[in-house]
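Source: prediction; values computed, not measured.
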Amino acid sequence: MLCAVLNIGQIGLLLQVATGGGSEAPNAYFYGWEVLSYVRYLVDAYLRQYSWQVQTSLTLIVVSTLMIIILGIVFAQQSMARNRRDQLYERCRARFEQPFREVLAGTEKWPHEEIEYVCKVDTSALQTFDPATFARLIAQLRLEHSDRVFMPNMQRLCHMTGVQAYLEHNMVKGHHVEETLQTLITLPIRISEGALAAYTGSRNKRIRELARSYFGFCSKTEPFHYVTQDANENFQLWYPTTLHRLVGWHHAKGHPVPQFLTLAHQSTNSSHKALFISEIPYWGTDQEKREVREFLTYPDPKCRSAAIQALAIIGDPDSEDELVANYSSQFPEAKRETLLAVAKINTGRQTEFFKQAYLLSSSQNTRAVALSCLYNYGPEGKKAFHELAHVGLDDTRFFEQIESAEEKAEGKDVKMRI
């Protein structure tokens, strides 16, 4: 850049060169790139008096020093920029946190005027603030209310504050795409499908996954397109929390949701199949919930575990007998999940089942789970729990830990006497 300026401006640099002559030494004038050539000549002349080892060492020292100075300047600039953003965020939070919290807490859609009244500022003034700071504040408030799947005023608030336009602009221009997609999924709000289209087939695996996950929140025409299309993909596209939020978001808005039992049958990817099974207790029909039992004998362990946990959530007493009947054929982890599922269904008919599970298991972990389930399985279960303390399986510490933990949870301070 310096040389370019020198060339354009024809700025002369006067360097006096001593020739060893008379009192009046001649002057040499250099222009543009000649300045750098002369400096290189001086450095070369200076280094020529040393061996190549010394020359190399000096060069490394100079280059390292320059790099340290440059990195120091870059880090200082980044630190100052981060501090400015944090200060701006704190001022914004102090001014708007409570009004935004009140708006987001609303269970009905508010008109623009009501939001302006709560925020004590009109829309035009709101849009003069930094939208990136607003996006950070609203995303933080959203995380604090993660138990609420759908917030009716989120879209309108993001539109009024300029957050929606800011995030859409980032997607169109390709600025901070991954961070923007994460913010969009967190909120979530709708932007133009066209702004997202370029990223659903991105070569970047992470961006492709985020874009396809967000597509369900963005699309009005076919929100579950990628759920069905990617049911057999090898990469882990649908993380449990993201898919659950997506379906819950549409369910809260009264939109139809996919038939997860059908997706589970169609998918050849074991992880996705298990994920679809795990969603049936929340969104499936009564018929789908009953048919979950067929996966108790499915060859893939992930699907078996998902089916057992799903039946525990459904809590159907009719499924208890099948869980018990398939217990002996399950792998160790699935056995422990079965014990927990039967305890959660809690019909009061399986005290003997827990006793036998404890007595016949060779795994200490399984015996510990069986004891814990038995202790909480009503009066008969607690009675059987104390009887098993004398069978001599050397699990005294399990008995003491289970009873101590349960009594602490109940606010008691009683030691077990065996």
Peer 1: Distance only, no hydrogens: is a donor on one side chain within 3.5 Å (strictly under) of an acceptor on the other, for Glu102 and Gln98?
Peer 2: no

Peer 1: Between Ser267 (side chain) and Ala264 (backbone), is there a donor-acceptor pair under 3.5 Å?
Peer 2: no

Peer 1: Shortest non-hydrogen contact from Ser270 to Asp300?
Peer 2: CB-OD1, 3.4 Å

Peer 1: Nearest 0.5 Å, what's the CG-CD distance between Asp316 and Glu322?
Peer 2: 9.5 Å

Peer 1: Has Lys109 got more than 12 heavy atoms of other residues, nucleotides or ligands less than 6.0 Å from its NZ?
Peer 2: no

Peer 1: Using the salt bridge (charged side-chain N to carboxylate O under 4.0 Å, His left out) criterion, which residues pair with Glu116? Sequence neighbours excluded.
Peer 2: none

Peer 1: Start with the C-alpha gap between Trp110 and Leu157, add the side-chain angles, then the distance that decides, and say whether side chain to side chain contact (heavy atoms under 4.5 Å, CB included) holds.
Peer 2: CA-CA 10 Å; Trp110 291 7; Leu157 180 62; over 6 Å; no

Peer 1: Would a distance-only check, ignoring hydrogens and angles, find a side-chain to backbone donor-acceptor pair under 3.5 Å from His175 to Met171?
Peer 2: no

Peer 1: Using atom types as modelled and distance alone, determine if a side-chain donor or acceptor of Ser219 lies under 3.5 Å from a backbone N or O of Phe215.
Peer 2: no

Peer 1: Find the distance between CZ (Arg156) and CD1 (Ile115) and round it off to the nearest 0.5 Å.
Peer 2: 6.0 Å

Peer 1: For Arg93, what residues pass the side-chain contact (heavy atoms from CB on, under 4.5 Å) criterion, not counting sequence neighbours?
Peer 2: Tyr89, Glu90, Glu97, Leu137

Peer 1: Has the side chain of Arg82 got a donor or acceptor atom that lies under 3.5 Å from a matching backbone atom of Gln77?
Peer 2: no

Peer 1: Take a 6.0 Å sphere around NE2 of His244 and say whether it holds more than 12 heavy atoms from other residues, nucleotides or ligands.
Peer 2: yes

Peer 1: Using atom types as modelled and distance alone, determine if a side-chain donor or acceptor of Ser57 lies under 3.5 Å from a backbone N or O of Gln53.
Peer 2: yes

Peer 1: Taking the side chain from Arg208 and the backbone from Ser202, do they hold a donor-acceptor pair closer than 3.5 Å?
Peer 2: yes

Peer 1: For Arg48, what residues pass the salt bridge (charged side-chain N to carboxylate O under 4.0 Å, His left out) criterion, not counting sequence neighbours?
Peer 2: Asp44

Peer 1: What residues form a salt bridge (charged side-chain N to carboxylate O under 4.0 Å, His left out) with Glu333, not counting sequence neighbours?
Peer 2: Arg336

Peer 1: Do Arg212 side-chain atoms and Thr200 backbone N/O form a donor-acceptor pair below 3.5 Å?
Peer 2: yes

Peer 1: For Tyr199 and Tyr214, I'd like to know if the aromatic rings sit close, meaning centre-to-centre distance below 6.0 Å.
Peer 2: no

Peer 1: With sequence neighbours excluded, tell me which residues meet salt bridge (charged side-chain N to carboxylate O under 4.0 Å, His left out) with Glu114.
Peer 2: none

Peer 1: Compute whether any side-chain donor of one residue and acceptor of the other, for Arg190 and Gln155, lie under 3.5 angstrom apart.
Peer 2: no

Peer 1: Would you say the ring centroid of Phe399 lies under 6.0 angstrom from that of Tyr375?
Peer 2: no

Peer 1: Compute whether any side-chain donor of one residue and acceptor of the other, for Glu294 and His265, lie under 3.5 angstrom apart.
Peer 2: yes

Peer 1: Parallel, tilted or perpendicular for Phe150 and Trp249, by the 30°/60° rule?
Peer 2: perpendicular

Peer 1: Is the gap between the ring centers of Phe385 and Phe354 under 6.0 Å?
Peer 2: no

Peer 1: Are side-chain N/O atoms of Ser305 and Glu337 paired as donor and acceptor at under 3.5 Å?
Peer 2: yes

Peer 1: Can you tell me how the ring of His255 sits relative to the ring of His250, calling it parallel under 30°, perpendicular over 60° and tilted otherwise?
Peer 2: tilted

Peer 1: What pairs with Thr347 under side chain to side chain donor-acceptor pair (under 3.5 Å), at least two apart in sequence or on another chain?
Peer 2: Glu320

Peer 1: I'd like to know if the side chain of Ser363 pairs up with that of Asn365 as donor and acceptor (distance under 3.5 Å, no hydrogens or angles considered).
Peer 2: no

Peer 1: According to the interplanar angle, ranging from 0 to 90°, do the rings of His272 and Phe276 count as parallel (below 30°), tilted (30 to 60°) or perpendicular (above 60°)?
Peer 2: tilted

Peer 1: Has Lys382 got its NZ or CZ under 6.0 Å from the middle of the six-membered ring of Tyr377, at an angle within 45 degrees of the ring axis?
Peer 2: no

Peer 1: Can Gln287 and Glu291 be counted as having a side-chain donor-acceptor contact under 3.5 angstrom?
Peer 2: yes

Peer 1: Considering non-hydrogen atoms only, spot the tightest contact between Thr186 and Arg245 and give its length.
Peer 2: O-NH2, 3.2 Å

Peer 1: Donor-acceptor check, side chain of Ser37 to backbone of Trp33, threshold 3.5 angstrom: yes or no?
Peer 2: yes

